Amino acid sequence: MLFSELVEFYEKIEAITGRIEMTNLLVELLRRTPPEIIDKVVYLTIGEIYPPFIGLELGVADKLALRAVKLASGMSEKEISQAYSKLGDVGLVGEKMLMKRTQATLFMEQLTVEDVYSALEKIARASGEGAMEMKVQILSGLLASSQPKEAKYILRIVTGKMRLGVADMTILDALSIVFGGGKETREIFERAYNLSSDIGYVAKIAALEGIEGVKKFKITIGKPIRPMLAERLSSAEEILQKLDGKCIAEYKYDGERMQIHKKNNDVWIFSRRLENITWQYPDVVEMVRTNIVADEAILECECVAVNPDTGDMLPFQELMHRKRKYDIHKMIEQYPVNLYFFDALYVNGEDLTVKPLLERRKMLESIVKIDDKVKISKAIISSDPREVEKFFNEAIEAGCEGLVVKSIGPESIYRAGARGWLWIKLKRSYK
DNA sequence: CCTGATGCGTC
DNA sequence: GTCGGAC
DNA sequence: GTCCGACGACGCATCAGG
């Protein structure tokens, strides 16, 4: 597939604002895409090259991209930086500079999607001495073989800012139309995405196996699940109204969210954006091994730094010292952590994401061995706004950010994203 | 060996 | 993480 | 209500270059 064909779609999509029309264009694009590269086309369309848990980054943002533009176009530093401050978009700068480029562009081979993708992979893999030079060289080589419009989108992909108005949810809509036969099948695709966190893989399975393949996705220990998010409101009263008058209100701890997978003695830790951060927290791995009493589990907790002498919770910034590659064991001493578990998604073969919250929490209580470092989030069940306000003040007093107030009705399943107002944040700054 | 520029991931 | 625009 | 993109503070890693 020619990259220019992809670019034509991007141009059309960028020119419109309505999501229905965008989706229709994506549908046409996906229909025309060979199944073997549909995953790549999907990643590129949302400005990525891999799913997040792969942990490989391009290491190129605006500044390095502009250096590549300079090399490929032969324009002066001054002209490029002027264009950049005027346009504010590396893609547009590249397009403009290549239109004026000094080198001859005759007899250029046409770029394919695979050409672009494999060059981007090379950029991602370059590391060590001379890596920056290498990244810039590869990128400028790519730009030198591009038409201006192609360059525009190569640069936008590299910097991760496609500005098309298309992200994962719009891709899912398009996939359900192309491979499911209509929007009614959207939920099937969304579930596959939620359980795999890999939209390119969903597209590939859909293209190769059809919707039957997409239906087969299931929870796999070691593969991150897309996290459930919370909406926000500024008073307990509004929140309770939204939640049909009753709720469970939990402390919102000031730390880092972790999705923890356990299979016998193996443990994986995923961040909120689904990066694998297991290696950063060997102490947490040990805590999970000894305090989670289940052969298989996928649980969520907040990891909070504590004062090593008093055990008091410390603010988020202190935990940031733990987000490092070196001196990990020294920092474990200096910034030990507590875990506050708040959800159970999967335990011993049972998918709990479709169960109501209180059932999940009950499961949590049955498998978490509580001690001074490993706990279950502090919570009350209430239907009284004043009681919730009082609990909120206690949370602040204890060093928390506020509360996450959650639905406890039969509809209170684990639902990825922030849809449905099942979880609602109450924080001090909104007051 | 140190420092600044750059990129990235957390909230 | 917050905010606001577009539908 | 949903989705998307623009934005900020902070700390760490990497690399280039003095």
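Proteins come first, then strands; the chains are lettered A, B, ... in the order of their sequence lines, and each starts at number 1. Quick caveat: nothing in here was measured; it's all calculated off a predicted structure.
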Mind checking what makes salt bridge (Lys or Arg N to Asp or Glu O under 4.0 Å) contact with [X], not counting sequence neighbours?
X	value
A:Arg125	none
A:Lys215	A:Glu212
A:Arg272	none
A:Glu237	none

- Message: Judged by each residue's nearest nucleotide on DNA chain D, which is more toward the 5′ side, A:Ala131 or A:Lys323?
- Response: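 This one resolves to A:Lys323.
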- Contact nearer the 5' end of DNA chain D, comparing A:Asp173 with A:Tyr326: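 Here A:Asp173 is the residue nearer the 5' end.
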What is the distance, to the nearest angstrom, from the [atom1] atom on [X] to the [atom2] atom on [N]?
X	N	atom1	atom2	value
A:His321	B:dC11	NE2	P	16 Å
A:Met22	C:dC7	CE	P	8 Å
A:Leu56	B:dG7	CG	P	17 Å
A:Leu58	B:dG7	CG	C1'	11 Å
A:Gln280	B:dC8	CD	C1'	12 Å
A:Lys325	B:dG9	NZ	P	13 Å
A:Glu57	B:dT10	CD	C1'	14 Å

- Task: Would you list the pairs meeting salt bridge (Lys or Arg N to Asp or Glu O under 4.0 Å) in which at least one residue belongs to residues 75-84 of chain A, sequence neighbours left out?
- Result: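 Sorted result for residues 75-84 of chain A: A:Glu79-A:Lys100.
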- salt bridge (Lys or Arg N to Asp or Glu O under 4.0 Å) pairs, two or more places apart, involving residues 298-312 of chain A: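 Qualifying pairs, neighbours excluded: A:Arg257-A:Glu300.
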Donor-acceptor contacts, no H, no angles, side chain residues 395-407 of chain A, under 3.5 Å, sequence neighbours left out:
unit_1: A:Glu401; atom_1: OE1; unit_2: A:Lys252; atom_2: NZ; d: 2.8
unit_1: A:Glu401; atom_1: OE2; unit_2: A:Lys427; atom_2: NZ; d: 3.3
unit_1: A:Lys406; atom_1: NZ; unit_2: A:Glu250; atom_2: OE1; d: 3.4
unit_1: A:Lys406; atom_1: NZ; unit_2: A:Glu250; atom_2: OE2; d: 3.2
unit_1: A:Ser407; atom_1: OG; unit_2: A:Gly409; atom_2: N; d: 3.3
unit_1: A:Ser407; atom_1: OG; unit_2: A:Glu411; atom_2: OE2; d: 2.8

Donor-acceptor pairs under 3.5 angstrom involving side-chain atoms of residues 195-206 of chain A: please list them, not counting sequence neighbours.
unit_1: A:Ser196; atom_1: OG; unit_2: A:Ala192; atom_2: O; d: 2.8
unit_1: A:Ser196; atom_1: OG; unit_2: A:Asp198; atom_2: N; d: 3.3
unit_1: A:Ser197; atom_1: OG; unit_2: A:Pro224; atom_2: O; d: 2.7
unit_1: A:Ser197; atom_1: OG; unit_2: A:Arg226; atom_2: N; d: 3.4
unit_1: A:Asp198; atom_1: OD1; unit_2: A:Tyr43; atom_2: OH; d: 2.6
unit_1: A:Asp198; atom_1: OD1; unit_2: A:Gly200; atom_2: N; d: 3.2
unit_1: A:Asp198; atom_1: OD1; unit_2: A:Tyr201; atom_2: N; d: 3.1
unit_1: A:Asp198; atom_1: OD2; unit_2: A:Tyr43; atom_2: OH; d: 3.4
unit_1: A:Lys204; atom_1: NZ; unit_2: A:Glu36; atom_2: O; d: 2.9

I'd like a table of donor-acceptor pairs (distance under 3.5 Å, sequence neighbours excluded) in which one partner is a side-chain atom from residues 150-168 of chain A, with atom names and distances.
unit_1: A:Glu150; atom_1: OE1; unit_2: A:Gln147; atom_2: N; d: 2.8
unit_1: A:Lys152; atom_1: NZ; unit_2: A:Glu11; atom_2: OE2; d: 2.8
unit_1: A:Lys152; atom_1: NZ; unit_2: A:Glu14; atom_2: OE1; d: 2.9
unit_1: A:Tyr153; atom_1: OH; unit_2: A:Glu11; atom_2: OE2; d: 2.8
unit_1: A:Tyr153; atom_1: OH; unit_2: A:Glu14; atom_2: OE1; d: 3.0
unit_1: A:Arg156; atom_1: NE; unit_2: A:Asp89; atom_2: OD2; d: 3.1
unit_1: A:Arg156; atom_1: NH1; unit_2: A:Glu14; atom_2: OE2; d: 2.8
unit_1: A:Arg156; atom_1: NH1; unit_2: A:Met162; atom_2: O; d: 3.3
unit_1: A:Arg156; atom_1: NH2; unit_2: A:Glu14; atom_2: OE2; d: 3.1
unit_1: A:Arg156; atom_1: NH2; unit_2: A:Asp89; atom_2: OD2; d: 2.7
unit_1: A:Thr159; atom_1: OG1; unit_2: A:Leu155; atom_2: O; d: 2.8
unit_1: A:Thr159; atom_1: OG1; unit_2: A:Arg156; atom_2: O; d: 3.3
unit_1: A:Lys161; atom_1: NZ; unit_2: A:Asp62; atom_2: OD1; d: 3.4
unit_1: A:Arg163; atom_1: NH1; unit_2: A:Asp89; atom_2: OD2; d: 2.5
unit_1: A:Asp168; atom_1: OD2; unit_2: A:Tyr193; atom_2: OH; d: 2.8

- Task: Examine distances only and state if a side-chain atom of A:Thr185 and a backbone atom of A:Ser176 form a donor-acceptor pair shorter than 3.5 Å.
- Result: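 At least one qualifying donor-acceptor pair exists.
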- Message: Can you list, in residue-number order, the parts of residues 158-172 of chain A that come under 4.0 Å of DNA chain D, counting heavy atoms only?
- Response: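 Heavy-atom contacts with DNA chain D come from A:Arg163, A:Leu164, A:Gly165, A:Val166, A:Ala167, A:Asp168, A:Met169, A:Thr170.
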- Report yes if a side-chain nitrogen or oxygen of A:Arg232 is closer than 4.0 Å to either non-bridging phosphate oxygen (OP1 or OP2) of C:dC3; otherwise report no.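 Checking C:dC3 against A:Arg232, a side-chain N or O does come within under 4.0 Å of OP1 or OP2.
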- Message: Heavy atoms only, 4.0 Å cut-off, all strands: where does A:Leu64 land among base, sugar-phosphate and nothing?
- Response: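 Result for A:Leu64 = sugar-phosphate.
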- Which two nucleotides bound the region of DNA chain D that has atoms under 4.0 Å from heavy atoms of chain A, read 5' to 3'?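 Nucleotide range in contact with chain A: D:dG1 to D:dA16.
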- Task: May I ask you to list the residues of residues 10-21 of chain A, by number, that have any heavy atom positioned under 4.0 Å from an atom of DNA chain C?
- Result: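 Residues of residues 10-21 of chain A that come under 4.0 Å of DNA chain C are, in numerical order, A:Thr17, A:Gly18.
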- Message: Looking at A:Lys12 and A:Glu8, is any side-chain nitrogen of the basic one under 4.0 Å from a carboxylate oxygen of the acidic one?
- Response: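 No, A:Glu8 and A:Lys12 are not salt-bridged.
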